[in-house]
Amino acid sequence: MRNFIKKDEITVLGVYSISLNCILKSKIADEDTIAHLLFKRKSGDSMSDRNNEFTFRLCSYLLSYPSQQFLDSIIDIEEELLSLTAPVNIKNELAQFCKKAKKIGLNELIHIFIQTFDFGKKTNLYVTYMSNGEQRERGLELLFLKNYYQFHGFEMTEKELPDYLPVMLEFASQVSEEVMKPLFERYLSNIKEIIDHLDPEQNLYGHILKAVWLALENAGVTKPLQRSEA
């Protein structure tokens with residue numbers, strides 16, 4: 001299980017900065033459904049902001065390593081999706097993933113996850129790896145990301161690298177669009193390359209990545225930003 005937010009942040013339900021991937025290892029899930037936690041809203045946000053906030057948070061969660069508790073949570077997520085006001089195309093992609101995940105079962109879902117994200121050279125979720133591999137330039141990008149997160153109050157543990165897409169999505173769910181847009185514009189081409197190698201008809205995780213892309217478009221992230229502009 002990949003955990004990227006400090007564990008003490010999940011001990012109070014009222015705290016917004018909840019680690020989605022930590023939820024599965026927390027006793028919180030015994031007191032409140034995971035879906036309820038995923039759908040929590042910040043007060044004062046516009047409807048569009050809330051929709052994007054939810055989509056980024058849910059996609060981050062759905063990209064976590066599958067477990068039985070993860071699979072059990074799908075049913076609650078499907079129910080919540082029915083009442084969500086997000087754009088229909090985003091809801092459809094997320095619903096398709098949920099439907100297929102339930103159908104294939106846990107063992108097959110784990111197998112697909114490993115083959116796609118751990119062994120897939122073109123589909124691993126470390127967005128700077130696609131363009132830089134293990135070169136020095138990647139180290140500079142990781143440092144940039146870590147500093148960007150810290151500047152905006154988003155703290156990580158050392159268990160995951162800052163270019164891991166679920167981490168980036170968790171960050172996007174916690175900050176304003178004004179803050180998240182330059183970051184995702186900087187790496188938009190990298191994210192697009194991952195998406196282009198995941199056909200939803202062939203791999204159910206393609207539905208999640210497509211939902212991410214649609215949410216980015218909805219947030220106004222449509223044009224890659226040159227490194228010099230970021």
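Aromatic ring centroids of Phe56 and Phe171 lie 6.0 Å or more apart.
In this structure, a donor-acceptor pair under 3.5 Å is absent between the side chains of Gln96 and Asn92. If you check the side chains of Tyr61 and Ser73, you find a donor sitting under 3.5 Å from an acceptor.
Contact annotation: the side chain of Tyr126 never approaches that of Ile194 to less than 4.5 Å [non-hydrogen atoms, C-beta and beyond]. Residues Asn203 and Thr123 are not in side-chain contact: their nearest non-hydrogen atoms beyond the backbone lie 4.5 Å or more apart. With a 4.5 Å cut-off on side-chain heavy atoms, Phe184 and Leu169 count as touching. Proximity of Gln68 to Asp72: side-chain heavy atoms (C-beta onward) are separated by under 4.5 Å at one or more points. Between Glu217 and Leu214 the shortest side-chain heavy-atom distance falls below 4.5 Å. Leu204 places a side-chain heavy atom less than 4.5 Å from the side chain of Leu109. Counting heavy atoms from C-beta outward, Phe70 and Leu62 have side chains that approach closer than 4.5 Å. Side-chain atoms of Pro66 and Leu106, non-hydrogen and from C-beta on, do get closer than 4.5 Å to each other.
Hydrophobic clustering of Ile, Leu, Val, Met, Phe, Trp and Tyr side chains at less than 4.5 Å, counting indirect connections, unites Leu198 with Phe119. Clustering ILVMFWY residues whenever any of their side-chain heavy atoms sit less than 4.5 angstrom apart, transitively, puts Leu140 in a cluster other than the one holding Leu183. Residues Leu58 and Ile75 fall into different hydrophobic clusters, defined by Ile, Leu, Val, Met, Phe, Trp and Tyr side chains chained together at heavy-atom separations under 4.5 Å.
Look at Asp163 and Arg138 and you find a salt bridge, because one of the NZ, NE, NH1 or NH2 atoms lies within 4.0 Å of a carboxylate O, short of that distance.
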> Do Tyr65 and Phe117 pass the side chain to side chain contact (heavy atoms under 4.5 Å, CB included) test, and can you show the C-alpha distance, the side-chain angles, and the key distance before you say yes or no?
Replying inline: CA-CA 10 Å; Tyr65 188 86; Phe117 301 128; over 6 Å; no
>> I'd like to know whether Arg186 forms a side chain to side chain contact (heavy atoms under 4.5 Å, CB included) with Thr128, so could you lay out the CA-CA distance, the side-chain angles of the two residues, the decisive distance to 0.1 Å, and finally the verdict.
In response: CA-CA 10 Å; Arg186 181 184 178 98; Thr128 67; over 6 Å; no
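The CH2 atom of Trp213 sits 8.5 Å away from atom OG1 of Thr222, with the distance rounded to the nearest 0.5 Å. Here the straight-line distance linking atom SG of Cys98 with atom NE2 of His207 works out to 10.5 Å at 0.5 Å rounding. In this structure, CG on Leu188 lies 8.0 Å from CD1 on Ile195, to the nearest 0.5 angstrom. To the nearest 0.5 angstrom, Glu170 atom CD is 12.0 Å from Cys59 atom SG. To the nearest 0.5 angstrom, Ile74 atom CD1 is 10.0 Å from Leu94 atom CG.
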Enumerate donor-acceptor pairs with a distance under 3.5 Å from any side-chain N or O in residues 145-154 to protein atoms, sequence neighbours excluded.
unit_1	atom_1	unit_2	atom_2	d
Asn147	ND2	Leu143	O	3.3
Tyr148	OH	Val179	O	2.5
Tyr149	OH	Pro162	O	2.8

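Sequence neighbours left out, the pairs with a member in residues 98-113 that pass salt bridge (Lys or Arg N to Asp or Glu O under 4.0 Å) are Glu78-Lys102. Evaluation of the salt bridge (Lys or Arg N to Asp or Glu O under 4.0 Å) test over residues 87-96, restricted to residues two or more places apart or in two chains, returns Glu93-Lys210.
Here the shortest heavy-atom pairing between Ala101 and Leu71 reads O-CD1, 3.6 Å. Minimum heavy-atom separation, Glu160 to Met156: O-CE, 3.0 Å. Heavy atoms only, all atoms of each residue included: Tyr205 and Leu63 are closest at CD2-CD2, 4.0 Å.
Between the side chain of Ser173 and the backbone N or O of Glu53 there is no donor-acceptor pair closer than 3.5 Å.
Applying side-chain contact (heavy atoms from CB on, under 4.5 Å) to Leu165 and the options Val127, Asn190, Asn124 leaves one that passes, Val127. If you run side chain to side chain donor-acceptor pair (under 3.5 Å) between Asn218 and each of Asn52, Thr55, Asn51, only Asn52 comes through.
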